[in-house]
Amino acid sequence: MNIENNFSANLLAWFEKHGRKDLPWQHPRTAYRVWISEIMLQQTQVVTVIPYFERFIKTFPNIETLANAHLDQVLQLWTGLGYYARARNLHQTAQIIVNEFNGIFPDKLEELINLKGIGKSTAGAILALAFNQSQTILDGNVKRVLSRCYIIENSNENELWELAKQLTPIQRTAEYTQAIMDLGATICTRTKPRCLECPQQLICQAHQQGVETCFPIPKQRKALPIKQTQMLMIQNAQQEILLQRRPLKGLWGGLWIFPMCEESVEEWFKEHSEEKIAKKYIFPMFRHTFTHFYLDITPIHILMAKKSQFDLPNSQWFSTEKIEVGLAAPVVKLLQQLTSFQLIGA
DNA sequence: CAGCCGTGGAT
DNA sequence: TATCCAAGGCT
């Protein structure tokens with residue numbers, strides 16, 4: 001018996017007792033629900049995803065309802081989850097599956113990979129979890145488990161894929177796939193792995209050598225640049241707030257945010273409006289952290305004397321109680337602050 | 001192919 | 001508080 005067989009056998013035996021079997025997307029485990037969950041789980045922890053998944057499925061119980069929805073509603077349900085291209089791709093892919101696949105979820109690797117937002121690993125996960133096909137995944141969990149178990153130092157992507165494929169069993173692939181993710185998420189964690197509870201402790205090379213936490217070798221990160229901006233929280237006499245829709249590509253694509261400006265507020269107003277500012281209040285600056293830069297935001301609340309006109313592309317007045325579009329996280333935070341600020345009666 | 005794309009949890 | 005980074009994919 002080779003070591004690969006031991007690996008999957010150990011894992012499957014462990015899964016029966018200790019695997020996660022009550023995650024929301026496992027009941028029922030349809031392709032649609034597995035797909036939604038896999039997209040949400042990209043670079044996002046299970047705890048964070050669960051409430052989003054519940055709301056999303058409740059609103060869009062099947063692929064037709066998702067395909068027929070407005071992008072704004074999809075992005076609203078995605079607000080706070082990040083990586084908003086995932087939501088845009090999800091919406092577009094739903095329409096393609098309805099229109100070109102007759103609403104039937106594709107079950108071939110090539111077809112899945114050609115869909116927006118579904119890469120090699122997500123395609124493998126959908127086929128393994130929802131269709132029980134013998135397909136391989138290579139996500140963060142699998143990379144961590146394999147790089148420790150087989151001590152892979154310069155984690156070469158192709159090498160890891162080959163190893164992952166060799167270890168994937170022909171049968172019970174759905175259980176195996178869930179199991180290896182569960183192992184990575186609950187036992188073989190990044191910090192403080194619980195090796196004494198691990199079904200692979202006898203074959204794990206890193207554990208034998210006592211160097212579990214040395215793997216996977218962390219990538220060196222560059223220092224994050226700091227950018228600065230002002231967010232204009234412009235409110236008219238009807239208490240409505242002015243928001244502007246971001247272009248579909250790029251940061252916060254398709255979301256609505258407060259108008260941002262780098263120059264002085266007075267100069268910005270000269271360019272975009274003829275109205276006069278009734279009241280201006282500068283909030284304390286705060287830092288928003290992205291993956292690749294910091295954004296220091298100075299919020300400025302501006303009260304207009306009447307229902308004002310703005311020469312600002314893709315902008316619209318919203319009632320603060322009814323905003324049914326996607327919002328960037330700092331905008332949500334500031335809207336909450338503004339509401340409590342006004343409740344106090346300042 | 002390296003940079004881009006979010007946010008919040010954990011330490 | 002600062003840092004890392006989580007069920008990755010796209011360009």
Side-chain angles (χ1 to χ4, degrees), chain A residues 19-20 23-26 33-53 75 78-90 92-93 112-130 135-145 156-158 160-161 164 174 176-186 188-193 213 216-227 246-255 257 286-295 297 326-333:
Chain A
R20 293 178 293 186
L23 296 169
W25 39 91
Q26 295 176 320
R33 293 162 58 93
V34 168
W35 170 52
I36 302 293
S37 72
E38 284 303 321
I39 301 299
M40 285 187 170
L41 286 161
Q42 287 170 1
Q43 300 291 288
T44 313
Q45 296 179 346
V46 169
V47 206
T48 306
V49 164
I50 287 177
Y52 282 89
F53 179 83
L75 289 172
W78 212 270
T79 290
L81 202 51
Y83 287 138
Y84 298 93
R86 295 184 295 173
R88 302 195 303 272
N89 290 333
L90 206 63
Q92 186 187 342
T93 291
L112 286 176
I113 287 177
N114 285 333
L115 295 169
K116 287 280 179 62
I118 300 180
K120 212 169 161 185
S121 188
T122 299
I126 293 170
L127 293 176
L129 294 171
Q135 295 286 354
T136 302
I137 66 166
L138 186 64
D139 64 2
N141 287 311
V142 180
K143 286 179 185 172
R144 190 169 55 255
V145 170
N156 177 304
E157 197 83 354
N158 294 327
L160 282 169
W161 265 111
Y176 171 86
T177 302
Q178 186 61 50
I180 196 165
M181 290 191 290
D182 289 353
L183 188 72
T186 66
C188 196
T189 50
R190 185 173 62 88
T191 56
K192 295 183 184 175
T213 52
I217 297 171
K219 294 176 183 175
Q220 51 183 4
R221 293 179 180 268
K222 295 178 179 176
L224 304 184
I226 303 173
K227 302 181 183 181
R246 302 274 300 176
L248 285 179
K249 289 187 178 180
L251 194 72
W252 290 331
L255 300 186
I257 63 166
F286 69 95
R287 175 165 292 181
H288 186 74
T289 306
F290 292 96
T291 315
H292 48 301
F293 68 95
Y294 295 113
L295 185 61
I297 300 171
L327 298 172
V331 174
V332 174
K333 174 181 174 170

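On a predicted model such as this, the values are computed, not experimentally measured, just so you know. Computed from heavy atoms alone, side chains included, the values below leave out hydrogens, waters and symmetry copies. Proteins come first, then strands; the chains are lettered A, B, ... in the order of their sequence lines, and each starts at number 1.
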A.B. asks: Base, sugar-phosphate, or nothing: which does A:W25 touch, judged by heavy atoms less than 4.0 Å apart?
C.D. replies: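 Base: the residue A:W25, judged by heavy atoms under 4.0 Å, touches a nucleobase.
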A.B. asks: Identify whether any heavy atom of A:K143 sits under 4.0 Å from a base atom; if not, whether one sits that close to sugar-phosphate; answer base, sugar-phosphate or nothing.
C.D. replies: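 Nothing, no heavy atom under 4.0 Å.
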A.B. asks: Looking only at the aromatic ring of each residue, does the gap between the centers of A:W25 and A:F53 stay below 6.0 angstrom?
C.D. replies: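 Ring centres of A:W25 and A:F53 closer than 6.0 Å.
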A.B. asks: For the side chain of A:Q178, counting heavy atoms from C-beta on, which of B:dT7, C:dA7, B:dC5 is nearest?
C.D. replies: C:dA7
A.B. asks: Would you kindly give the CG-to-P distance between A:N114 and C:dG9, to the nearest whole Å?
C.D. replies: 14 Å
A.B. asks: So A:S37, base contact, sugar-phosphate only, or nothing? Heavy-atom distance under 4.0 Å.
C.D. replies: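 Nothing: the residue A:S37, judged by heavy atoms under 4.0 Å, touches no strand.
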A.B. asks: Please state how far atom NZ in A:K192 lies from atom C1' in B:dG9, giving the value in whole angstrom units.
C.D. replies: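 Checked: the NZ to C1' distance equals 14 Å.
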A.B. asks: Respond yes when some side-chain nitrogen or oxygen of A:H288 is under 4.0 Å from OP1 or OP2 of B:dT7, and no when none is.
C.D. replies: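 So the side-chain polar atoms of A:H288 do come within 4.0 Å of the phosphate oxygens OP1 or OP2 of B:dT7, strictly under.
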A.B. asks: Please answer whether the main-chain N or O of A:N89 pairs with a side-chain N or O of A:T93 as donor and acceptor at a distance below 3.5 Å.
C.D. replies: yes
A.B. asks: Using whole Å, what does the distance between atom C1' of nucleotide B:dG8 and atom CZ of A:R190 come to?
C.D. replies: 14 Å
A.B. asks: Which part of the nucleic acid does A:T122 contact within heavy-atom distance under 4.0 Å: base, sugar-phosphate only, or nothing?
C.D. replies: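 Result for A:T122 = sugar-phosphate.
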A.B. asks: Quick one: label A:I113 by what it contacts on the DNA or RNA (base, sugar-phosphate, nothing), any heavy atom closer than 4.0 Å.
C.D. replies: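 A:I113: no heavy atom of the nucleic acid under 4.0 Å.
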A.B. asks: May I have the distance from A:Y52 (atom OH) to C:dA7 (atom P), rounded to whole angstrom?
C.D. replies: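 That distance rounds to 18 Å.
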A.B. asks: Within the 4.0 Å heavy-atom criterion, would you say A:A125 contacts the bases, only the backbone, or no part of the nucleic acid?
C.D. replies: nothing
A.B. asks: What integer distance in Å separates A:D139:CG from C:dG9:P?
C.D. replies: 9 Å
A.B. asks: Do A:R88 and A:W78 have side chains that get closer than 4.5 Å, going by heavy atoms?
C.D. replies: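 Answer no - side chains too far apart.
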A.B. asks: Check whether any side-chain N or O of A:R221 sits under 4.0 Å from OP1 or OP2 of C:dC5, and answer yes or no.
C.D. replies: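 Looking at the OP1 and OP2 atoms of C:dC5, one of them is under 4.0 Å from a side-chain N or O of A:R221.
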A.B. asks: What integer number of Å spans the P atoms of C:dA7 and B:dC5?
C.D. replies: 23 Å
A.B. asks: What distance, rounded to whole Å, do you find between the two P atoms, one in C:dG9 and one in B:dG8?
C.D. replies: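 Each nucleotide's P atom is 23 Å from the other's.
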A.B. asks: For the residue pair A:V49 and A:S37, establish whether any side-chain heavy-atom pair is separated by less than 4.5 Å.
C.D. replies: no
A.B. asks: Rounded off to whole Å, could you give me the CD-to-C1' distance for the A:Q43 and C:dA7 pair?
C.D. replies: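 That distance rounds to 9 Å.
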A.B. asks: Rounded to the nearest Å, what distance is computed from the CG atom of residue A:L255 to the C1' atom of nucleotide B:dC5?
C.D. replies: 12 Å
A.B. asks: Could you say whether A:V46 or A:I118 is positioned toward the 5' end of DNA chain C, judged by the nucleotide with the nearest heavy atom to each?
C.D. replies: A:V46
A.B. asks: Within the 4.0 Å heavy-atom criterion, would you say A:V47 contacts the bases, only the backbone, or no part of the nucleic acid?
C.D. replies: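 No contact.
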A.B. asks: Counting only distance, no hydrogens or angles, is the base of B:dG9 paired donor-acceptor with the side chain of A:T48 under 3.5 Å?
C.D. replies: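 Side chain to base: no pair below 3.5 Å.
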A.B. asks: How is A:S121 classified with respect to the nucleic acid when contacts are heavy atoms under 4.0 Å: base, sugar-phosphate, or nothing?
C.D. replies: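 Sugar-phosphate: the residue A:S121, judged by heavy atoms under 4.0 Å, touches backbone atoms but no base.
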A.B. asks: Under 6.0 Å between ring centres: does that hold for A:F290 and A:H288?
C.D. replies: yes
A.B. asks: Taking only side-chain N and O atoms of A:W35, does any of them lie within less than 4.0 angstrom of OP1 or OP2 on C:dA7?
C.D. replies: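 So the side-chain polar atoms of A:W35 never come under 4.0 Å of the phosphate oxygens OP1 or OP2 of C:dA7.
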A.B. asks: For B:dC4 and A:Y83 - does any side-chain N or O of the residue sit under 4.0 Å from the phosphate oxygens OP1/OP2?
C.D. replies: no
A.B. asks: Looking across every strand, which nucleic acid part, if any, lies under 4.0 Å from A:R144 by heavy atom: base, sugar-phosphate, or nothing?
C.D. replies: sugar-phosphate
A.B. asks: Could you state the atom-to-atom distance from NZ of A:K222 to C1' of C:dT3 in whole Å?
C.D. replies: 18 Å
A.B. asks: Nearest 0.5 angstrom please: A:D139 CG to A:T122 OG1, how far?
C.D. replies: 8.5 Å
A.B. asks: Using a heavy-atom cut-off of under 4.0 Å over every strand shown, decide if A:I137 touches base, sugar-phosphate, or nothing.
C.D. replies: nothing
A.B. asks: Per the atom types in the model, does the base of B:dG6 pair as donor or acceptor with the side chain of A:T289 at under 3.5 Å?
C.D. replies: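 Donor-acceptor pair under 3.5 Å: no.
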